[in-house]
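So that we are looking at the same thing, I have put the structure below in structure tokens.
Position 1 is the first residue of the sequence, and the numbers go up from there.
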Amino acid sequence: HDLDLMCWFANTRAVSGYCQGALEFFTSENAPKESPEQCLDGCPHRKTCSYYAPSVYLEGRPIKDALKNYGSPISRILGRFITPFLYPWKHWPTSTITNKLNREGILSALSTGPYGRCVYRCNNDQPDHIEAVIRFQNNMSGTFRFHGHSAQEGRTLRIDGTRATLRAHFGSRSSIEVQPHDGDTPKRYTFSSDLYGHGSADKGLIQYFSRVLEGKENPVDLGDPFASHWLAFALEQSRLSGMPFGVQ
């Protein structure tokens with residue numbers, strides 16, 4: 001999503017870049033003492049571990065906490081007064097690990113499947129933090145940073161132009177702020193957002209896909225997704241090799 005957005009903001013493709021990052025925290029060396037391979041195998045840290053699988057998938061605790069503190073006003077109201085009674089948690093991400101969305105079905109999936117493994121003992125090769133610098137065909141440059149530790153779920157955006165700076169927070173507020181460089185009062189633009197923070201974009205994707213199946217013209221250039229996918233692979237290769245990449 002993020003690289004797709006960066007290419008869209010730049011309105012062109014990337015030509016060079018560099019990426020660094022690593023998996024440093026979610027490793028077996030950092031596993032709590034006496035923690036088992038599976039969370040449900042009697043983990044002694046189940047009451048204090050932020051990554052205890054049943055609290056994530058059965059109780060939906062991280063999503064409920066996010067809804068209480070962030071998102072649209074409707075999301076916050078639902079999160080504070082309604083979601084505590086939604087048990088077991090049947091929505092994302094639980095809906096992606098099993099089709100049996102009752103307590104027994106979820107616990108069965110966690111006890112036998114990969115999503116119930118201790119987060120420190122998954123033989124994971126996904127970095128838990130990266131930083132990338134990217135240059136585009138029109139000489140615009142951008143930086144991309146992600147990490148697995150934050151007090152706030154979501155994305156932040158900052159675009160520094162020649163006349164103003166734009167700031168946006170996706171997932172926490174439904175607004176974009178533009179601060180002119182000449183010191184004028186910042187301008188705030190609000191927009192509607194659905195409960196899940198995708199701004200109804202999921203519905204738009206399905207509508208476009210349905211149009212293609214019906215033989216109608218696709219309003220999206222299929223070359224754009226390939227450009228962002230290529231950029232993702234190029235950044236990963238740069239991270240692994242320690243070398244920058246460039247288009248010949």
* Is the backbone of Phe245 close enough, under 3.5 Å, to the side chain of Ser238 for a donor and an acceptor to pair up by distance? ->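 Not a single qualifying donor-acceptor pair exists.
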* Asked: Do the side chain of Gln179 and the main chain of Thr165 share a donor and acceptor less than 3.5 angstrom apart?
  -> no
* Residue pair Trp89 / Lys64, side-chain heavy-atom distance below 4.5 Å ->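 Yes, close enough: below the 4.5 Å cut-off.
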* To do: Determine, stepwise, if the pair Thr48 / His45 fulfils side chain to side chain contact (heavy atoms under 4.5 Å, CB included).
  => CA-CA 6 Å; Thr48 58; His45 307 280; 4.1 Å; yes
* Examine Val133 and Met243 and state if one hydrophobic cluster contains both, with Ile, Leu, Val, Met, Phe, Trp and Tyr joined whenever side-chain heavy atoms are less than 4.5 Å apart. => no
* To do: Could you tell me how the ring of Phe144 sits relative to the ring of Phe146: parallel (under 30°), tilted (30 to 60°) or perpendicular (over 60°)?
  => tilted
* Asked: Does a side chain donor of either Ser175 or Arg188 reach within less than 3.5 Å of an acceptor in the other side chain?
  ->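 Yes, a side-chain donor-acceptor pair sits under 3.5 Å.
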* Considering non-hydrogen atoms only, spot the tightest contact between Arg135 and Ser141 and give its length. => NH1-CB, 4.0 Å
* To do: Report whether Leu231 and Ile130 are members of the same hydrophobic cluster (ILVMFWY, side-chain heavy atoms less than 4.5 Å apart, transitive linking).
  =>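 Shared cluster, yes.
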* To do: Taking the six-membered ring for Trp and the full ring for Phe, Tyr or His, determine whether the centres of Trp92 and Tyr57 are under 6.0 Å apart.
  => no
* Are any non-hydrogen side-chain atoms of Cys118 and Cys43 less than 4.5 angstrom apart? ->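 In short, these two side chains do not touch, never coming nearer than 4.5 Å.
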* Look at the side chain of Ser210 and the backbone N and O of Ile206, then say whether any donor-acceptor pair between them is shorter than 3.5 Å. =>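 Here the side-chain-to-backbone pair exists.
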* Thr98 side chain reached by Ser108 side chain, heavy atoms, under 4.5 Å -> no
* Ring-ring centroid check His149 Phe25, cutoff 6.0 Å ->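 Ring centroids of His149 and Phe25 are less than 6.0 Å from each other.
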* **Minimum heavy-atom distance between Ser55 and Glu59, given as atom pair plus value** =>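 Scanning both residues completely, I find the closest heavy atoms to be O-CB, 3.6 Å.
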* Asked: Yes or no on side chain to side chain donor-acceptor pair (under 3.5 Å) for Asn138 and Thr12, after CA distance, side-chain angles and deciding distance?
  -> CA-CA 7 Å; Asn138 56 6; Thr12 188; 5.4 Å; no
* What distance do Ser228 atom OG and Leu3 atom CG have between them, rounded to the nearest 0.5 Å? ->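 One gets 7.0 Å once the value is rounded to the nearest 0.5 Å.
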* Check whether more than 12 heavy atoms from other residues, nucleotides or ligands sit under 6.0 Å from atom OH of Tyr208, and answer yes or no. =>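 Check fails, neighbour count at 12 or below.
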* To do: Rounded to the nearest 0.5 Å, what's the gap from CD on Glu37 to OG on Ser28? Could you check?
  =>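 Result: 9.0 Å between the selected atoms.
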* Asked: Would Ile97 and Val119 show up in the same hydrophobic cluster when neighbours are defined by side-chain heavy atoms closer than 4.5 Å?
  ->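 Different clusters.
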* Asked: Do any N or O atoms from the side chain of His129 and from the backbone of Ala22 form a donor-acceptor pair under 3.5 angstrom?
  -> yes
* To do: Check Leu101 against Ser95 and note the closest heavy-atom contact, atom names and distance.
  =>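 Taking Leu101 first and Ser95 second, the nearest heavy atoms are CD2-CA, 4.1 Å.
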* Flag the pair Lys216 / Val212 as yes when at least one side-chain heavy-atom distance between them is below 4.5 Å, and no otherwise. =>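 Answer no - side chains too far apart.
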* How about Ser35 and Arg121: does a side-chain donor come under 3.5 Å of a side-chain acceptor? -> yes
* Given side chains that start at C-beta, do those of Leu23 and Asn124 come closer than 4.5 Å, heavy atoms only? ->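 With C-beta onward as the side chain, the pair touches.
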* Min side-chain heavy-atom separation Arg117-Asn123 under 4.5 Å -> yes
* Considering non-hydrogen atoms only, spot the tightest contact between Pro93 and Ile63 and give its length. =>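 It is CD-CG1, 4.1 Å.
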* More than 12 heavy atoms of other residues, nucleotides or ligands under 6.0 Å from CZ of Arg103: is that the case? ->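 Check fails, neighbour count at 12 or below.
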* Asked: For the hydrophobic clusters of this structure (ILVMFWY residues joined by side-chain heavy atoms under 4.5 Å, transitively), does one cluster hold both Tyr189 and Leu166?
  ->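 They do share one cluster, since a chain of ILVMFWY contacts under 4.5 Å joins Tyr189 to Leu166.
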* Asked: Counting heavy atoms not belonging to His229, are there more than 12 under 6.0 Å from its NE2?
  -> no
* To do: Would you confirm whether Arg167, through its side chain, and Val178, through its main-chain N or O, come within 3.5 Å as a donor-acceptor pair?
  => no
* Return the minimal non-hydrogen interatomic distance between Gly42 and Pro36, and the atom names on each side. =>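 For Gly42 versus Pro36, the nearest heavy atoms are C-CG, 4.4 Å.
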* Asked: So, for Glu34 and Pro44, which heavy atoms are closest and what is the spacing to 0.1 Å?
  -> O-CD, 3.5 Å
* Indicate yes or no for a side-chain donor-acceptor contact from Asp128 to the backbone of Glu24 under 3.5 Å, with no hydrogens or angles considered. =>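 Yes, the answer is positive, given that a donor and an acceptor are paired below the 3.5 Å cut-off.
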* Ignoring hydrogens and angles, tell me if any N or O in the side chain of Lys90 forms a donor-acceptor pair with the backbone of Leu58 under 3.5 Å. => no
* To do: Decide yes or no for Leu157 and Phe9: does some side-chain heavy atom of the first lie under 4.5 Å from some side-chain heavy atom of the second?
  =>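 They are in contact (side-chain heavy atoms under 4.5 Å apart), so the answer is yes.
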* Phe26 atom CZ, over 12 foreign heavy atoms within 6.0 Å ->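 More than 12 within 6.0 Å, yes.
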* To do: Apply side chain to side chain contact (heavy atoms under 4.5 Å, CB included) to Tyr120 and Thr27, showing your working.
  => CA-CA 5 Å; Tyr120 299 96; Thr27 64; over 6 Å; no
* Should Tyr18 and Arg239 count as side-chain neighbours, where that means a heavy-atom distance under 4.5 Å? ->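 They are not in side-chain contact.
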